[in-house]
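No hydrogens, no waters, no symmetry mates; every other heavy atom, side chains included, goes into these values. Chain letters run A, B, ... following the sequence lines, proteins first, then strands; residues in each count from 1.
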Protein chains: 2
Amino acid sequence: MELRIPTSTVRRLSDYYRVLEELELDATKTVSSQGLARQSGVTSAQVRKDLSYFGNFGKRGLGYNVAGLRREIRLILGLNRRWKVALVGGGNMGSALYSYKEFRRQGFDIVAVFDVSPNRVGQRWKDLVIAHLDRLPAEVDRLGIEIGVIAVPARAAQAVADRLVEAGVHGVLNFAHRKLFVPTTTTLRNVNLSLELEGLAFAIKARSARPARRVARRARAR
Amino acid sequence: MELRIPTSTVRRLSDYYRVLEELELDATKTVSSQGLARQSGVTSAQVRKDLSYFGNFGKRGLGYNVAGLRREIRLILGLNRRWKVALVGGGNMGSALYSYKEFRRQGFDIVAVFDVSPNRVGQRWKDLVIAHLDRLPAEVDRLGIEIGVIAVPARAAQAVADRLVEAGVHGVLNFAHRKLFVPTTTTLRNVNLSLELEGLAFAIKARSARPARRVARRARAR
DNA sequence: TGTTGTGAAGGCGTTCACAGCC
DNA sequence: GGCTGTGAACGCCTTCACAACA
């Protein structure tokens, strides 16, 4: 069981978790891999394979206990605890992320915000004050921050990443418009909004060039 | 050349485009696949393979002309024109996206914003006024909107997606915390911020359970 | 009978390695 | 000699298909 887990499996686990959350609200007790698959937009074999990386959670002939499976996934994803997050960048994007309530709901608390602009350092944001980036190492240490979010202009992003790593953060979520490099001891995830729109533009363009060609995008459960 | 293009290739094209943009600013005339690879964090073979889906842009022994290749990629990604975008949802996320300047810089113009809340409909946002979602079909038609961005609560997201498709939009960018289903004639991309943080949490957790095991994440050019 | 868990097969994107050309 | 373009090899993730079992 000491196996490498595909990133895609971890992503789907998050999807399953949301579906299970809703099933539990509906007071559904049990769900089959097929039921879970249909609502997650994948195949039932995929569901079973994904779960099998972590254990045997189902009962043959019956399916999975909704509440039980949800608890297992919560443990796997580390959602049974809260995570402290540092946000770097107090501009548009940073302020939007700060007020995005879903983070807190999922267990991620932005406990410090950093910037370098004299206009922003010292500004009060709800229950905290924007600190200068130079204070990053001290605050990471003092507060026990494990995750850093980068929401600064592209040209500053790599330097910020370096400082986050240096400060001892182990996970970095990058919103900057720039490919970043971090040591292998740190995990990096990227969110690039323009890139997603560019992907859409490409697909629309390609489709109109040769209409009605693509195959089903919606995976069916079987 | 009538080949299916991997999504990952299209994403990397966006990365190459950004690198080429910077090279051009530096007045660099020529770049090898290796040079491009190093700055994009992939292998040189990957760069050549990606580009080869679309044509022969390089010169053997020399490399690629920076300005020329950039122009080619701009055409491939459809960045040589402007795209009209409808934003649905005038909450925190929607307002952040609306003020995200990078979109406009890349050629994507949010030309209409929709909501259903009486508090928000009629509100003035810079040079436009939030319309009721019921006006979506008329406005998509009138303005020639091709892309829709969903920034509404999870439970409303699928209905909004259906209405966007119905209105004739061909690309949908979903920020809602929910898996969406659209017909194969529409392209869907998802951005799920919580999911990214959950992925980081999983990786951090996994690493601390068995320290120093992962292999290099930074691909080296060779 | 219904559904899981999983080894085997399949498919697709990445990497290799080299012929071809500047 | 240097570098591209690409068929072939490779590897990883997904899908299949079925034995195991409630």
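- Taking 4.5 Å as the limit, every side-chain heavy atom of A:Phe175 sits out of range of all side-chain heavy atoms of A:Leu87.
- Nearest approach of A:Leu197 to B:Ile147, heavy atoms of both residues: CD2-CG2, 4.0 Å.
- Side chains of B:Thr7 and B:Arg189 form a contact here, defined as non-hydrogen atoms less than 4.5 Å apart.
- Put simply, the side chain of A:Asp50 never gets that close to the backbone of A:Phe54: no donor and acceptor are under 3.5 Å apart.
- One atom, CG of B:Leu69, and another, C1' of D:dC3, lie 14 Å apart when rounded to the nearest Å.
- With respect to the salt-bridge test (charged N to carboxylate O, under 4.0 angstrom), the residues B:Arg82 and B:Glu146 do not qualify.
- Here C:dG20 presents its P atom at 15 Å from CG of B:Asn56, a figure rounded to the nearest Å.
- Of the listed nucleotides (D:dT6, D:dT15, C:dT4), C:dT4 has the atom at the smallest distance from the side chain of A:Ser32.
- Remark: B:Ser33 is not in phosphate contact with D:dC3, judged by side-chain N or O atoms under 4.0 Å from OP1 or OP2.
- Salt bridge absent: B:Glu198 and A:Arg11 never bring a charged side-chain N and a carboxylate O closer than 4.0 Å.
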Between the protein and nucleotides 9-13 of chain D, are there any N/O to N/O pairs under 3.5 Å, and if so, what are the atom names and distances?
from	atom 1	to	atom 2	distance (Å)
D:dC13	OP1	A:Arg4	NH2	2.7

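- In this structure, B:Tyr64 atom OH and C:dC22 atom P are separated by 15 Å, rounded to whole Å.
- Distance from the side chain of B:Lys49 is smallest to D:dT6 among D:dT6, C:dG5, D:dT14.
- Contact record, B:Arg12 with B:Val42: CD-CG1, 3.8 Å, taken as the closest heavy-atom pair.
- Across D:dA17, D:dT4, C:dT4, the shortest atom-to-atom separation from the side chain of A:Ala45 is found for D:dA17.
- Residue A:Asp50 contributes atom CG, which lies 13 Å from atom P of C:dT6 at whole-angstrom precision.
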Detail all sub-3.5 Å separations between protein N/O atoms and N/O atoms belonging to nucleotides 20-22 of chain D.
from	atom 1	to	atom 2	distance (Å)
D:dA20	N3	A:Arg60	NH1	2.7
D:dA22	O4'	A:Arg60	O	3.2

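- Contact check on B:Asp109 versus B:Lys84 returns no salt bridge, with no Lys/Arg side-chain nitrogen under 4.0 Å from an Asp/Glu carboxylate oxygen.
- In this entry the distance linking CZ of B:Arg48 with C1' of C:dA17 reads 10 Å, nearest Å.
- Defined by atom type and a distance below 3.5 Å, a donor-acceptor pair is present between the side-chain atoms of A:Asp162 and A:Gln158.
- Here the P atom of nucleotide D:dT4 and the CD atom of B:Glu72 are 16 Å apart, to the nearest Å.
- Here the P atom of nucleotide C:dG5 and the CG atom of A:Leu51 are 7 Å apart, to the nearest Å.
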